[in-house]
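Notes follow once the structure below has been shown.
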2 protein chains.
Amino acid sequence: MPNPTIYDVARTAGVGVGTVSRVLNNSTRVSPETQEKVLSAIRVLGFRRSKVARQLSTGIQHRNIGAIMPFITHPSFVERLRGMQLALNHQDNDFNLVLYNVSEPERYHEQLLAMVEQATVDGLLIATLNVSDDQRDLLTQAGIPFVTLSDACGEALNCISPDNRHGGYVAAQHLLELGHRRVAYVGDAFPNIYGFPTSELRYEGYLSALKEYGIPYHSEYVCLGAHGEDTAHRLTEHLLALPEPPTAIFAMSDIQAVGCILAIREAGLRVPEDISVIGFDDVQLSRYIGLTTVRQHLEQSGYLGMQLLLNMLTAPDNVVARQLPPLELVVRGSTQHWSALFR
Amino acid sequence: MPNPTIYDVARTAGVGVGTVSRVLNNSTRVSPETQEKVLSAIRVLGFRRSKVARQLSTGIQHRNIGAIMPFITHPSFVERLRGMQLALNHQDNDFNLVLYNVSEPERYHEQLLAMVEQATVDGLLIATLNVSDDQRDLLTQAGIPFVTLSDACGEALNCISPDNRHGGYVAAQHLLELGHRRVAYVGDAFPNIYGFPTSELRYEGYLSALKEYGIPYHSEYVCLGAHGEDTAHRLTEHLLALPEPPTAIFAMSDIQAVGCILAIREAGLRVPEDISVIGFDDVQLSRYIGLTTVRQHLEQSGYLGMQLLLNMLTAPDNVVARQLPPLELVVRGSTQHWSALFR
DNA sequence: CTGTTAGCGCGTTCAC
DNA sequence: GTGAACGCGCTAACAG
């Protein structure tokens with residue numbers, strides 16, 4: 001018997017289903033003997049009460065908010081998650097926060113499909129993942145409101161995203177203002193396997209800054225690869241081996257910046273004396289290691305995203321857009337003035 | 001009408017419930033006209049189909065694994081979470097990971113109660129929280145298997161925990177071996193508000209090391225307070241203001257160690273030249289900032305905990321205990337030899 | 001104290 | 001193509 005029900009339990013215990021239900025909820029008093037009979041029947045059959053049946057019967061609606069993103073292990077995710085939790089705790093509704101980690105890009109769509117087919121979530125927070133038109137329609141038709149925390153959204157109302165192009169510009173500008181002229185970009189390869197254009201946007205910002213300062217573009221200063229510290233490390237080694245290595249690196253994320261810094265140190269050079277490094281995100285780590293970066297208020301974006309979604313879920317006809325604070329340049333110790341004169 | 005059902009939709013559309021169900025699942029072909037009638041009825045009534053009823057009807061069992069802990073924002077949580085996710089992804093079952101953050105200790109029990117009463121989770125991972133006998137019985141009676149990731153568990157099978165007393169010993173021993181004689185302990189006040197004795201156990205290890213090395217105990221070297229960087233910062237300021245300040249500090253967590261280091265630097269002293277600092281946990285951050293610490297394999301503990309729980313959930317009569325690897329001393333740059341001779 | 005029965009909201013057979 | 005009836009597993013209200 002694969003899935004015994006209370007009827008099975010009742011039968012083997014020689015009692016009615018009501019009694020079984022009673023011992024399960026120890027509501028009214030049940031005589032010790034029958035209690036024991038029921039309990040042993042439960043044990044023998046390996047009975048486990050069905051959650052859904054129970055919820056249907058009691059009328060208790062359990063609402064799940066799914067947070068789906070790749071790299072659940074990445075620091076930037078943690079920051080966002082923190083914000084989501086905060087927003088959820090703030091208003092005391094009983095929504096559950098369910099985590100979905102997209103381990104392989106191919107499975108993303110499949111996971112989304114399962115969610116709507118099996119009705120697992122009532123609302124969805126989608127971060128660092130693109131939402132295609134088909135997927136948008138799928139969710140909309142299924143009546144699952146969603147908020148994206150990435151920048152593949154155009155001007156949609158349900159999107160919380162920083163101006164990544166501007167952020168890229170700000171980062172590059174900072175280095176250029178410090179006198180750097182050989183400025184490299186280390187970022188994710190695009191098109192990204194998950195379909196979001198973050199790296200490309202920051203890269204465009206970088207390009208426009210170069211242009212504005214009249215710096216010629218050198219393709220060998222642009223190093224693209226998979227996301228992560230290790231790749232950034234390798235790319236930096238490559239940069240340092242160039243005949244004319246860069247004097248400054250703009251890494252598209254703090255984690256990648258860390259990879260750069262480690263590679264630089266291993267090459268016997270110092271940050272920022274020999275090479276300046278600026279990151280992007282301002283995750284918790286960056287404060288501790290003194291990384292200059294562009295703060296994109298990750299925690300707050302999680303907070304606002306959750307707030308918006310809750311708003312859509314609880315007051316669908318009065319949804320108000322949420323605005324992320326502007327990006328901020330945070331200057332710490334990893335960037336420094338550079339002048340050819342002193343070399 | 002607060003919660004319209006398919007019956008309501010059917011009535012206002014002038015069709016049967018079967019038809020409504022069909023357009024909802026676009027299974028069999030429905031004539032365009034009736035389709036439109038149903039769709040508009042759905043729109044008018046603001047109908048949303050019930051998740052639970054659907055799941056009950058289709059027989060799709062959705063299993064939730066809850067992870068409950070305080071401080072969801074803390075790095076040590078993230079490490080564990082990563083391990084949990086990994087274990088979940090490893091075996092391809094459709095369990096959902098649901099996060100529960102205990103924001104206030106008073107609410108913990110209430111949350112647990114809600115979980116069993118409302119049948120929200122099928123299994124529970126409890127970290128950094130104590131499980132009282134009552135709570136154990138509550139969960140057991142409700143048939144909710146759980147695994148604890150803290151050390152308030154004795155020798156229970158369903159517990160993944162490092163030997164914190166030993167860990168405290170190892171940390172203190174390291175400092176003593178380096179020649180330190182004025183060794184401070186910075187940790188959480190105990191009894192902890194969440195009921196887990198971690199700080200006390202590490203403190204006991206610290207004590208036994210002192211004793212073994214014949215170092216007299218100085219109560220002013222033991223600084224206890226709330227968990228967190230800021231408190232550790234304050235406690236360290238206090239330590240430094242002592243007539244005979246310590247030459248080494250054992251912080252019960254890496255985050256607290258960071259607080260210590262920051263306070264030491266702000267006092268114009270250097271780590272490790274003037275004062276050595278050792279932490280506990282070995283979170284990701286520690287590697288980057290070069291903190292000497294005791295590695296407690298947090299990620300792996302999350303992994304093993306999840307694995308054990310899945311085991312309990314899927315093969316209840318063949319549960320095998322999981323063993324955490326032993327604690328490891330990880331020596332990095334924040335501790336140094338100390339000898340009064342050179343002062 | 002305990003057995004019986006009517007729903008909970010939806011999917012899915014059947015006949016029509 | 002469409003409507004009516006039954007069942008999913010459980011709770012709760014009602015009789016006994």
Side-chain angles (χ1 to χ4, degrees), chain A residues 1-39 41-42 45-63 116-120 122 142-144, chain B residues 1-39 41-42 45-64 116-120 122 141-144:
Chain A
M1 176 155 312
N3 278 321
T5 72
I6 49 170
Y7 284 94
D8 302 317
V9 175
R11 200 179 317 116
T12 70
V15 298
V17 286
T19 310
V20 178
S21 179
R22 261 164 239 138
V23 320
L24 247 28
N25 304 305
N26 40 305
S27 49
T28 340
R29 277 247 131 320
V30 182
S31 85
E33 312 132 31
T34 38
Q35 164 124 356
E36 198 38 59
K37 278 196 294 184
V38 172
L39 251 29
I42 288 179
L45 275 68
F47 166 82
R48 301 207 46 196
R49 122 179 109 170
S50 157
K51 190 176 57 187
V52 276
R54 173 145 220 242
Q55 285 175 168
L56 179 59
S57 183
T58 53
I60 297 178
Q61 284 293 352
H62 255 283
R63 328 221 80 170
V116 323
E117 299 217 337
Q118 301 175 15
T120 34
D122 300 279
I144 300 179
Chain B
M1 177 156 311
N3 279 321
T5 74
I6 50 170
Y7 283 95
D8 301 318
V9 175
R11 201 179 317 117
T12 70
V15 298
V17 287
T19 310
V20 178
S21 178
R22 261 163 239 141
V23 321
L24 246 27
N25 303 305
N26 40 304
S27 49
T28 341
R29 279 252 128 314
V30 183
S31 84
E33 311 133 30
T34 39
Q35 165 123 359
E36 196 39 59
K37 277 196 295 185
V38 171
L39 251 31
I42 289 179
L45 274 70
F47 167 81
R48 298 204 48 193
R49 125 177 106 170
S50 156
K51 191 175 59 188
V52 276
R54 173 143 218 245
Q55 288 175 166
L56 179 59
S57 182
T58 53
I60 297 176
Q61 282 294 353
H62 255 285
R63 327 221 81 169
N64 290 340
V116 324
E117 299 217 335
Q118 302 176 14
T120 33
D122 301 281
Q141 229 182 46
I144 300 180

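Below, chains carry the letters A, B, ... as their sequence lines are ordered, and counting in each starts from 1. Source: prediction; values computed, not measured.
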Ile6(A)/Leu24(A) under side-chain contact (heavy atoms from CB on, under 4.5 Å): CA gap, chis, key distance, verdict: CA-CA 10 Å; Ile6(A) 49 170; Leu24(A) 247 28; 4.0 Å; yes
Sugar-phosphate only, base, or nothing, as touched by Val52(B) at under 4.0 Å among non-hydrogen atoms: nothing
Distance test, side-chain N/O of Thr34(B) to OP1/OP2 of dT2(D), below 4.0 Å: yes
side-chain N/O Arg54(B) vs dG11(C) OP1/OP2, d < 4.0 Å: yes
Val38(A) to Ala13(A) - nearest heavy-atom pair and separation: CA-CB, 4.0 Å
Verdict with supporting geometry, Arg49(B) and Ile42(B), side-chain contact (heavy atoms from CB on, under 4.5 Å): CA-CA 10 Å; Arg49(B) 125 177 106 170; Ile42(B) 289 179; over 6 Å; no
Integer-rounded Å distance: dC8(C) C1' and Asp8(B) CG: 13 Å
Phosphate-side-chain proximity, Thr19(A) and dT2(C), N/O vs OP1/OP2 below 4.0 Å: no
Presence of Ser21(B) side-chain N/O under 4.0 Å of dG11(C) phosphate oxygens OP1/OP2: yes
Under-4.0 Å side-chain N/O to phosphate OP1/OP2 contact, Thr58(B) with dC10(C): no
OP1 or OP2 of dC10(C) under 4.0 Å from side-chain N/O of Arg49(B): no
Contact nearer the 5' end of DNA chain D, comparing Gln35(B) with Ile6(A): Gln35(B)
Below 4.0 Å: OP1/OP2 of dG9(C) and any side-chain N or O of Asn3(B): no
Atom pair distance, as rounded to whole Å: NZ in Lys37(B) and P in dT2(D): 8 Å
Touch class at under 4.0 angstrom, heavy-atom based, for Gly18(B) against every strand present: base
side-chain N/O Arg22(A) vs dT11(D) OP1/OP2, d < 4.0 Å: no
Spacing between Lys51(B) atom NZ and dG9(C) atom C1', to the nearest angstrom: 14 Å
Nucleotide nearest Ser31(A) (side chain, heavy atoms from C-beta), chosen from dG3(D), dG11(C), dT2(C): dT2(C)
Gap between atoms CG and C1', on Leu45(A) and dG9(D) respectively (whole Å): 15 Å
Rounded interatomic separation in angstrom, taking CD from Glu36(A) and C1' from dT2(C): 18 Å
Touch class at under 4.0 angstrom, heavy-atom based, for Val20(A) against every strand present: nothing
Integer-rounded Å distance: dT12(C) C1' and Leu24(B) CG: 14 Å
Step-by-step side-chain contact (heavy atoms from CB on, under 4.5 Å) determination, Ser21(B) to Val17(B): CA-CA 6 Å; Ser21(B) 178; Val17(B) 287; over 6 Å; no
Spacing between Tyr7(B) atom OH and dA4(D) atom C1', to the nearest angstrom: 9 Å
Residue whose nearest DNA chain D nucleotide is more 5′ - Val17(B) or Leu56(B): Val17(B)
Heavy-atom donor-acceptor pair, Asn64(B) side chain to Asp122(B) backbone, under 3.5 Å: no
Spacing between Asn25(B) atom CG and dT12(C) atom P, to the nearest angstrom: 6 Å
Under 3.5 Å: donor-acceptor pair, side chain of Thr58(A), backbone of Arg54(A): yes
